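Here's the structure we're looking at; comments come further down.
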Amino acid sequence: MPASNDNSNRAQTLRSLVRLLVDYSEVVTKEWEAEDQYPEISGLPSHELFEAQRIIRGACGMCINLVGDPRTRLFEVALSFTLSQSLDTTLRAGVPNILAEAEPDGVRAEELSRCTGIGEQKLVRLMRVLCSDGLYEETEPLWFTNTRISRVLAGNPPASAFQCLYGTMAVTGAMEHLPTTLLAPTSTNSTFNTETAFQKAHKTQLSPWDLIENGDGSDPMIAEIREMFPLAMIGQGQMSSTAVVADFPWASLGEGTVVDVGGGVGSMCLDLAKLFPDLRFVVEDLPTSIEKAKPIWNAEIPGALESGRVNLITHDFFTKQPVKNAAAYILRYILHDWPDDACTAILSKLRDAMCPQSRILIADMIMHPPLGSTHLKSAPAPLLANYGQANAFKGMHDISMLSMFNGSERSPEQLEVIANKAGLRIEKIWECRAPISITELRQL
Ligand SMILES: C[S@@+](CC[C@H](N)C(=O)[O-])C[C@H]1O[C@@H](n2cnc3c(N)ncnc32)[C@H](O)[C@@H]1O
């Protein structure tokens, strides 16, 4: 195609994107005026605000690719891990908490260095790269404050632990070995969770779950992940729990039993138990998580365990499901950790325990292909049907699941294949105003 034609197409796309930005900025500002706060942080964005947020993010990302120098963009992608590792360093040093205590004035670099123990010159470099990306702010030379983004992490150990999970040796080591794992003929087509970049990185034959459960705790990598994981899972839940609670009709389950399969410490059920007093709960997981769950439940909902409204039980989800005919079996952040065959095995055990009224609720990210899916709402043109960069983090998470477990974030079509093999079908996808949504499965 001649260059002038190409440029006229680009100009048309740019104008359409700017129109989207103008139109949806109006939606956002109207919501701000109505709420007079940041509804997207304190609670749940309205459906209109959620849609406007993802259109604006997608449009900004497309504008950058359209207008910017491609070489700069490539350089930025190559170096993007330095941003997450810089943020990770400041979190481990407690920077958001220190800045929050000094609001609104902020903290001088010298004082921040003294409190964190990071050399001043180096700390300033970390802070400035993060300020340039909007994560902190330099209000006057060498004075730093939180922004609305870093403030989410202040005084919030679960959110910080979740953020730092991706900077642990377990994860960064696996990511480092992804290219060699995918380029090696022996591992590139493997579907086992014991033949991934994680095993190459950590010179083990065990899966991450086996290492967390049974590995040698004197290994710093194992000690770090064991320590951080339960809290990080609460943080991961925080990112999505308000929407997952609001965007599925939990009250319609009446006095039914909800089984949280691989429920960790049961943070999903904790949120539900506080809001739906008629529901009963069973939280199932491996021994390490169940041990950690007991004091959390006793502190959060005293009496719930003694009364029998909530049961915490040790259960391996590859074995026969002990709770029959439950109203719902939840799998939150579970299937993405496993290859397809393992997912079918997990679902088959639940299928065997279900009655026709039971449902399985899969709460995971739903991959939306760039050209769209008949199951999911498409973005307005000229955005990619999957909202482009607004949802890029889902693809990034998919790749981290691949590196660690040969797991996958799945599209509705991929999930359907796995469900059918287990004698199940997709009843409905409940699109939630969160990174994850709920896919409801019923017996075939
Ligand atoms: C990503 S976490 C999700 C935890 C919880 N569903 C949540 O949303 O907070 C995955 C959980 O699966 C559990 N798990 C791994 N293998 C398991 C198995 N074979 N049986 C039961 N739970 C298992 C882990 O212990 C961990 O708590």
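Just so you know, these numbers come straight off a predicted model, no measurement behind them. Every number for a ligand or one of its atoms is a count from 1 in the order of the listing. Heavy-atom basis, side chains included; hydrogens, waters and symmetry copies ignored. The residues of the chain are indexed from 1 along the displayed sequence.
At least one heavy atom of Met233 sits less than 4.0 Å from an atom of ligand 1. At least one heavy atom of Trp338 sits closer than 4.0 Å to an atom of ligand 1. Using a non-hydrogen distance threshold of 4.0 Å, Ser289 registers as a contact of ligand 1.
Of all the listed residues (Arg332, Gln236, Glu284, His315), Arg332 holds the heavy atom that lies closest to atom 8 (O) of ligand 1. Distances from atom 13 (C) of ligand 1 to the heavy atoms of Ile234, Asp285, Leu286 put Asp285 nearest. Across Gly262, Ser240, Ala232, heavy-atom proximity to atom 4 (C) of ligand 1 is greatest for Gly262.
With a 4.0 Å cut-off on non-hydrogen atoms, Asp337 touches ligand 1 through its side chain and not its backbone. Counting heavy atoms closer than 4.0 Å to ligand 1, residue Trp209 contributes side-chain atoms (C-beta onward) but none from N, CA, C or O.
Salt bridge annotation for Glu33-Lys30: absent, with no cationic side-chain nitrogen under 4.0 angstrom from a carboxylate oxygen. Here Arg92 pairs with Asp88 in a salt bridge; the nearest charged N to carboxylate O distance falls below 4.0 Å.
Considering backbone and side-chain N/O atoms, Asp316 comes within less than 3.5 Å of an N/O atom of ligand 1. By the 3.5 Å distance cut-off applied to N or O atoms, Phe229 is not counted among the residues near ligand 1.
When hydrogens are left out, the protein atom nearest atom 12 (O) of ligand 1 is Ile334 CD1, 3.5 Å; that is the closest non-hydrogen contact. From the protein, the heavy atom lying nearest to atom 22 (N) of ligand 1 is Phe317 CE2, 3.3 Å.
Both tests do not hold together for Arg433 against Phe50: distance to the six-membered ring centre under 6.0 Å, angle to the ring axis within 45°.
Residue Thr90 is tested with Ile98, Leu99, Leu130 for a side-chain contact (heavy atoms from CB on, under 4.5 Å); the sole match is Leu130. For the side-chain contact (heavy atoms from CB on, under 4.5 Å) test with Arg442, the passing option among Arg351, Lys428, Arg425 is Arg425; the others fail.
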Working note: Ser46 + Glu31, criterion side chain to side chain donor-acceptor pair (under 3.5 Å); need CA distance, chi angles, decisive distance, verdict. CA-CA 8 Å; Ser46 68; Glu31 293 266 339; 2.8 Å; yes
